[in-house]
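Read the structure below first, then the notes.
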Amino acid sequence: MRQYDHKKIESKWQKRWAKDGLYKTEEDQAKPKAYVLDMFPYPSGEGLHVGHPKGYIASDIYSRFKKMSGYNILHPMGWDAFGLPAENYAIKNKMHPKVAVEKNIARFKEQLEKLGLNYDWEREINTTDPAYYKWTQWIFLQLFKKGLAYESNEPINWCPSCKTGLAFEDLEGGKCERCGSDVEQRPIRQWVLKIREYADRLLEDLSELEWPEHIKESQRNWIGRSEGALLRFEVAGGSEQYIEVFTTRPDTLFGATYMVLAPEHSLVSDLQPKISNWNEVQKYKEEARKKTDLERMEERTKTGVELKGVRAVNPATKEEIPIWVADYVLAHYGTGAIMAVPAHDERDFAFAKKFGLPIQEVIEPVFTQSTEPGKVRDGLPFNHRDGIIAVVKHWSEDKYIALKWKKVAWGTFLTGSIDAGDGAEDTARKEIREETGYLNLKLLKNFGIVHGKFYHLPKQMNSFVHSSVFLFELEDDAHEEIAPEEKEKHDILWLTVDELRTFLTPDSHKHILELLCGEGVCAYAGDGILKNSPTFDGMPSEEAKWRITEFAHGEKRVDYKLRDWVFSRQRYWGEPIPIIHCAKCGTVPVPEKDLPVVLPEVTSYEPTGTGESPLAAISEWVRVACPKCGGEGKRETNTMPQWAGSSWYYLRFIDPQNDKALVDKKKEAYWSPIDLYEGGVEHATRHLIYARFWHKFLYDIGAVSYKEPFGRLKGVGLIYGEDGRKMSKRLGNVVNPDDVVAAYGADTFRIYEMFMGPFEESSMWNTKSIIGPRRFLEKVWRLEEKVSEKALHDQGIEILTHKTIKKVSADIGAFRFNTAVSTLMVFVNGLEGVEAVPLATYKILLVLLHPFAPHMTEELWHELGNNNFLYREAWPNFDEAKTKEGKITVVIQVNGKVRGELDISPEEEEYAVKEQALAHESIKKWTSGKEVKKVIYVHGKLVNIVAV
RNA sequence: GCCGGAGUGGUGGAAUGGUAUACACGCUCGACUUAAGAUCGAGUGCCGCAAGGCGUGUGGGUUCGAGUCCCACCUCCGGCACCA
C-alpha cells in the first residue's frame with residue numbers, strides 16, 4: 001500500500017502552486033470580492049511559535065472557501081517592522097535594525113511558507129520600505145495641513161529605559177508596556193495627533209461593526225466619553241480668580257462642600273500669596289510629583305492638604321467652602337480640579353470622612369428594579385404612592401424584622417402605604433403594630449426618603465413608591481395577636497445583617513441595609529430626586545443637571561478619557577516626521593514631491609536620552625533649505641511610533657506598487673471594506689483605534705470611500721504552552737511549528753489547530769492530541785482505495801453528503817472550524833462503513849477538505865486523474881431536500897424521561913405518531929395505572945407523554 | 001468596584017427550549033504480530049448485581065420538557081479602574 005508521505009507531497013505542491021501563480025489576486029471587478037486580512041506580524045527575533053499560525057490558518061481556510069464559492073480573493077501578507085522591539089533587538093545583537101529586520105522577515109516567511117497558505121506574495125509590503133513609508137509620511141502631512149497634528153511641550157510619559165516619550169496607550173498599569181519600567185512625567189517637545197476630535201465618531205460607529213462585543217466594549221471604555229458641565233467657582237475675596245471644574249453631576253452642586261485641585265494645577269501657585277500654609281502645600285506638591293502613577297494607584301488611602309487662607313464660593317449656595325490639593329484628582333482629566341460632593345461620590349466621601357469635611361445630602365435615591373421579580377415593565381405608566389419602610393430591631397439580639405412575601409418571591413423590610421393626611425412616623429408605628437403585633441417601639445433614626453420603582457406583581461402595574469425610612473428598636477417582646485389577613489400576606493422572620501444581605505430583593509431595601517451598617521451615611525452615587533436644593537427640590541437628577549448648569553452659568557461639556565495621541569518617539573527606527581523647522585517660517589511641511597524623507601544611514605542609532613532622537617546628531621541630514629523661504633532650516637528629528645505604519649497598511653495591499661497615490665480610488669472602492677479582519681485581541685485599544693482614526697480622516701479628505709475599515713472582526717484565541725502558561729523562550733515551553741510540520745505535516749498541523757476548540761477561545765497546546773487529526777487524514781488517504789466509479793450511490797451516503805456540505809459551509813462561514821472538522825470526520829467515518837465509495841462522493845470530500853488540508857487533497861485529486869488545481873474547483877452546493885432522512889427515529893418520553901423509540905416516516909401525521917407512541921410496548925409499563933393527561937409531539941423529534 | 005465573557009465525562013470540547021456528552025484524545029479488552037509500534041474491532045459519565053436512579057459550578061423559579069430562559073450566589077478569565 002502506498003504511504004502517505006507528507007514531506008514529499010507538501011513540498012511538491014507548494015512548488016507547483018508557486019510556479020503556477022495560483023494565488024495571484026484576480027482583479028475582475030464584475031465578480032464579487034472578499035478581502036480577508038490577517039493582522040500583519042511584527043517580525044521579532046524569536047520566530048513563530050505554534051500560537052501565531054492559528055489565525056493565518058483560519059483566514060487561509062476562510063479565503064479558500066470564499067474563492068471556491070466564486071469570489072475574487074484579496075489575501076495578502078506583510079511586515080510591520082518599525083519600532084522599539086526591532087530596534088532593541090538590533091541593539092542587543094549589535095546589528096543594524098535594517099539587517100535584523102531583513103533576517104527576521106526571512107525567517108518568518110520561511111516558516112509561513114511551510115504551512116501552505118494562499119497568500120499573494122506579489123503584494124507583500126514592509127512598513128520600513130521607503131516606497132511604503134512615503135505614504136505614511138504623506139498621511140502625516142495631510143493631518144498636519146488639517147491642523148490635526150500639532151507640537152506640544154506638555155509633560156508626557158517618558159520611559160527612562162527605552163529613552164523615549166510614550167502615548168497613554170503604551171502604558172500598562174503605569175509602566176512602560178514594552179520593558180516594564182516605571183514611567184516618569186517629563187516635559188518634552190513632541191508631536192501630537194488630535195484623535196480626540198474623532199472620539200465621538202469612533203464611539204458611535206462601533207455599533208454598526210460586526211466585532212466581538214468585548215473588543216467594542218474595550219474601545220468604549222478606552223474612549224471613556226462622559227457628558228457633564230463646566231462650572232466656575234469664584235475664589236472668595238473678589239480677586240476675579242476662578243476655579244473651573246468639570247462634573248458629570250451638576251445636579252449635586254448644592255452638595256459641593258469643598259473643592260480639590262490636582263497638585264499640578266497652575267492655580268495652586270497662582271494663589272500662593274494668599275496661602276498661609278504654603279510650606280506644607282509646597283511639600284505636598286513635591287511628594288506628589290515624585291510618586292509614580294503606580295504608587296498613586298497602590299496606596300488608595302487619600303491624602304491632601306488644605307489651602308489655608310483661601311476659599312471658594314459655591315455658585316449655588318453662595319457659601320464659602322474650603323479648597324484642598326489632593327492627588328486623587330488627576331491633572332490630565334477634566335480641568336484638573338473638582339467640586340467635591342461627599343454625599344454622592346465615594347471618593348469625595350472617603351476624603352471628607354478622613355479630614356472631617358462637611359457632608360451635605362442633596363439627592364434622595366431612586367432605585368429602579370432592573371431584575372426579576374419586580375422588574376419595571378417598559379411602556380407602562382407609574383402609579384405614585386407615599387409609603388414607609390420600617391427597620392425594626394430586636395430588643396436584645398442583633399436581628400431585624402424581615403418579611404417573606406407569600407404571593408411573590410420577595411424579601412423586604414416592613415413596608416406600608418401612607419393614607420392621605422397621615423404622618424409618616426405614625427403610619428410606620430401603625431403598620432408595625434398591625435403586621436407584627438409588637439407594642440413598645442422606640443424610634444432610633446429617621447433615614448429620610450428612599451424612592452423605589454418596580455413592577456407590582458399582585459397589582460400588575462408599575463409602582464413608584466416614595467418611602468420614609470425609619471429605624472425602630474423594640475423595648476420588649478410585648479405583643480398582641482395579629483389579624484389573620486395579615487398572616488396570609490407574609491411570614492415574619494428575624495434576620496441578622498448578613499442574612500438580610502442575601503434575603504432582601506429590592507435594590508432600595510439593600511441600600512437601606514447599607515445605611516444601617518454605615519452609621520446612617522454612605523455615598524449614594526446614583527440618580528435620584530433633589531432635596532436641600534432650594535427651588536430644585538423634588539426635581540429628578542436628569543432634569544436638574546441642565547437646569548442647575550444654567551442656573552450656575554455653566555455650560556454643557558463632553559469629556560473623554562482618551563488622550564490625544566503622542567505621536568513622536570526619540571528613537572532611530574521609525575518613519576522620520578516630514579517637517580522642517582525654519583527660524584523665519586516656523587514649522588514647515590516637507591513638500592509632497594520631496595517624499596519620502598528617507599531615514600538616513602547612521603553608525604550610532606542608540607537612543608540618546610536627551611529628548612532628541614539619534615537623528616539630531618547627523619548634521620548633514622538635519623540641515624536643509626527651508627522649502628518656503630530657501631533659508632536655513634532643520635529637519636524634524638523625531639520619528640513616528642510603531643503604530644503609524646499599521647494604521648493604514650490594509651489600504652496599501654489593495655494597490656501596493658502605486659507611486660502616484662497611496663491607493664487607487666477605483667481599486668479601493670472595489671476591495672473595501674475588509675470583509676474579514678482577524679488577529680489578536682490585544683490590539684483592541686491601540687492598533688484598532690488608531691487605524692479607525694486614520695481611516696476616518698482619510699475618508700474626510702476623500703482618499704477612501706468607506707467610514708470604517710474593518711467590517712467584520714474575529715479575535716483569535718491564544719494558544720498556551722503545554723504547562724498552561726503563555727509560550728515564551730524564558731519558560732522553555734515554546735513549540736515551534738517547524739517541528740510539528742516536519743513530524744506530522746502541515747495539513748495535520750492545520751487541522752489540529754482548527755480542531756482544538758472554538759477559534760476565538762484560548763486553548764492549551766497538547767502534543768498528544770495531534771495524532772487524532774493525523775489519523776483522520778490517513779483514513780482519507782486509505783479511503784481512496786475503496787473509491788469506485790461504479791459504486792452504488794445509496795440514499796444513506798447521499799443524505800450524509802448533503803448534510804456535510806451544508807454544515808461545513810455554514811461552519812466555515814461562521815468561523816466554527818472545530819465543528820467543521822468534526823463534521824468532516826463524521827463524513828469519513830460514514831464512508832469507511834460502506835463497501836465502495838462512489839467517485840463523485842469522494843471528490844466532494846476532497847473539495848470540502850481542501851481548505852483544511854490543501855496538500856493532501858491536491859495529491860489525491862491528481863491521483864484520481866484530474867489535472868486542474870483543486871483551488872479552482874467550485875464549492876459544492878447542497879440540496880435541502882436531500883439533507884432529510886427518509887426514516888426518522890422519534891424518542892418517546894414519559895414525563896420527560898426517555899422510555900422508548902419509534903421509527904416513523906417524517907410525513908407521518910401527528911395523531912398517528914401519538915397513537916403509536918401510546919401503544920408502544922416499552923411505554924405501557926410506564927403509563928399503566930396512570931392517567932394520560934397530555935401528549936406532546938415535537939415534529940420529527942419526540943413524543944412526550946404526561947401521565948399521573 | 002464597574003463592564004464584558006465563561007463554568008458540561010479522566011482530557012480538549014459538541015448540542016435552533018426537545019434523546020446531554022457529537023467529534024477527538026486517553027484508557028480497557030480483543031484481533032493481527034516473536035515482540036513493540038501501527039492498524040482494525042468492541043467498550044468507556046457516575047451509583048447499582050439488576051430493575052432503576054443520579055447527573056451540564058451552587059440554590060431556587062418558569063415549562064409537558066432547561067446545559068440552553070428568569071432570579072440569587074460561587075468560581076475562573078479578560079477590559080477599565082481615584083476618569084469627577
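So that the names make sense, note that chain A is the first sequence line, chain B the second, and so on, each numbered from 1.
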Across every strand shown, the nucleotide meeting Watson-Crick or G-U wobble geometry with B:rA50 (both distances under 3.5 Å) is none
When rounded to the nearest 0.5 Å, the distance separating CD1 of A:I363 from CG of A:D251 is 4.5 Å
Rounded to whole Å, CD of A:E761 lies from P of B:rU8 at a distance of 11 Å
### Query
Counting only side-chain N and O atoms of A:N766, is one of them less than 4.0 Å from OP1 or OP2 of B:rC25?
no
A:K897 NZ to B:rG18 P, in whole Å, measures 18 Å
Rounded to whole Å, the CZ-P distance (A:R686 to B:rG79) equals 12 Å
A:K561 NZ to B:rG79 P, in whole Å, measures 13 Å
Can A:R686 and A:E682 be counted as an ion pair, charged N to O under 4.0 angstrom?
-> no
Within residues 769-778 of chain A, those residues having any heavy atom closer than 4.0 Å to RNA chain B are A:S769, A:I771, A:G772, A:R775
**C1' gap between B:rC29 and B:rU62, integer Å** = 47 Å
Smallest heavy-atom separation, A:N895 atom then A:N944 atom, equals N-OD1, 3.5 Å
Tell me whether the guanidinium CZ or amine NZ of A:R196 lies under 6.0 angstrom from the six-membered ring centre of A:Y560 and within 45° of its axis. no
Rounded to the nearest 0.5 Å, the CG atom of A:L171 sits from the CZ atom of A:R563 at a distance of 11.5 Å
- Begin from the C-alpha positions of A:K786 and A:E835 and carry the test salt bridge (Lys or Arg N to Asp or Glu O under 4.0 Å) through to its verdict. CA-CA 7 Å; A:K786 279 172 49 174; A:E835 281 294 313; over 6 Å; no
Q. Taking the same atom, C1', in B:rU16 and in B:rC69, what whole-Å distance lies between them?
A. 14 Å
For the residue pair A:H687 and A:H683, categorise the inter-ring angle as parallel (less than 30°), tilted (30 to 60°) or perpendicular (more than 60°).
perpendicular
* Base, sugar-phosphate, or nothing: which does A:N818 touch, judged by heavy atoms less than 4.0 Å apart? -> sugar-phosphate
Regarding the side chain of A:N829, the nearest nucleotide among B:rA24, B:rA51, B:rA14 is B:rA24
### Message
Categorize A:R899 for me: base, sugar-phosphate, or nothing, with a 4.0 angstrom heavy-atom threshold over every strand shown.
### Response
sugar-phosphate
Using the P atoms only, state how far B:rA42 lies from B:rA24, rounded to an integer number of Å.
13 Å
To the nearest angstrom, the CD1-P distance between A:I923 and B:rU19 comes to 15 Å
Pairing partner of B:rG7, by Watson-Crick or G-U wobble and under 3.5 Å for both distances, is B:rC74
Across every strand shown, the nucleotide meeting Watson-Crick or G-U wobble geometry with B:rC2 (both distances under 3.5 Å) is B:rG79
(request) Starting from the C-alpha separation in whole Å, work towards a yes-or-no answer on salt bridge (Lys or Arg N to Asp or Glu O under 4.0 Å) for A:R750 and A:E753. (result) CA-CA 5 Å; A:R750 291 166 60 111; A:E753 291 222 334; over 6 Å; no
Polar side chain donor-acceptor pair, A:H6 to A:R774, under 3.5 angstrom: yes
Looking only at heavy atoms, the pair that brings A:W546 and A:E227 closest together is CZ2-OE1, 4.4 Å
Distance, C1' atom - from B:rA66 to B:rA15, rounded to whole angstrom: 13 Å
When rounded to whole Å, the CG to P distance for the pair A:D251 and B:rA84 reads 14 Å
Looking only at atom C1', what distance separates B:rG10 and B:rG59, rounded to whole Å? 28 Å
ask   = Taking the inter-plane angle between the rings of A:F367 and A:Y524 on a 0 to 90° scale, is it parallel (under 30°), tilted (30 to 60°) or perpendicular (over 60°)?
value = perpendicular
Among B:rG13, B:rG4, B:rC82, the one nearest any side-chain atom of A:E213 is B:rG4
Paired to B:rG65 by Watson-Crick or G-U wobble criteria (both distances under 3.5 Å) is none
TODO: Sticking with atom C1', work out how far B:rA14 lies from B:rU56, rounded to a whole angstrom.
DONE: 12 Å
TODO: Between B:rG4 and B:rG43, how far apart are the P atoms? Round to whole Å, please.
DONE: 46 Å
With sugar-phosphate meaning primed atoms plus P, OP1 and OP2, does A:K925 contact a base, only sugar-phosphate, or nothing at under 4.0 Å between heavy atoms? sugar-phosphate
Regarding the side chain of A:Y328, the nearest nucleotide among B:rG52, B:rG4, B:rC82 is B:rC82
Side chain to side chain contact (heavy atoms under 4.5 Å, CB included) evaluation trace for A:D200 with A:I223: CA-CA 9 Å; A:D200 271 339; A:I223 295 166; over 6 Å; no
message: Check the orientation of A:F759 and A:F815. Use parallel for under 30°, tilted for 30 to 60°, and perpendicular for over 60°.
response: perpendicular
Distance check, P atoms only: B:rU21 and B:rG9, in whole angstrom units.
14 Å
Taken to the nearest 0.5 Å, the spacing of A:L513 CG from A:L504 CG works out to 6.0 Å
Q. Angle class for the A:F351/A:W324 ring planes (parallel below 30°, perpendicular above 60°, tilted otherwise)?
A. perpendicular
The glycosidic conformation of B:rG9, counting syn as within 90° of 0 and anti otherwise, is syn
For B:rA31, the nucleotide meeting Watson-Crick or G-U wobble distances (both under 3.5 Å) is B:rU39
Is the phosphate of B:rU39, meaning OP1 or OP2, less than 4.0 Å from a side-chain N or O of A:R782? no
Out of B:rA22, B:rU19, B:rC80, minimum distance to the side chain of A:S822 belongs to B:rA22
Taking a pair to mean Watson-Crick or G-U wobble geometry with both distances below 3.5 Å, B:rC23 pairs with B:rG12
Taking for A:G336 and for A:M825 the nucleotide of RNA chain B with the nearest heavy atom, the one nearer the 5' end belongs to A:M825
Per-nucleotide protein contact along nucleotides 59-66 of chain B, 5' to 3', at a 4.0 Å heavy-atom cut-off (B base, S sugar-phosphate only, - neither), is -----BS-
Between CD1 of A:I338 and P of B:rA84 the distance, given in whole Å, is 11 Å
In 5'-to-3' order, the base (B), backbone-only (S) or no-contact (-) status of each nucleotide in nucleotides 67-78 of chain B, using a 4.0 angstrom heavy-atom cut-off, is ---SSS------
Check: Is there a donor N/O on one and an acceptor N/O on the other, under 3.5 Å, for the side chain of A:K302 and the base of B:rC82?
Finding: yes
Here the distance between atom C1' of B:rA81 and atom CG of A:L171, to the nearest Å, is 14 Å
NA contact type, A:T685, heavy-atom cut-off 4.0 Å: base, sugar-phosphate, or nothing?
-> nothing
Of the listed B:rA84, B:rG13, B:rG52, the closest approach to the A:W926 side chain comes from B:rG52
As its Watson-Crick or G-U partner within any shown strand, both distances under 3.5 Å, B:rG55 has none
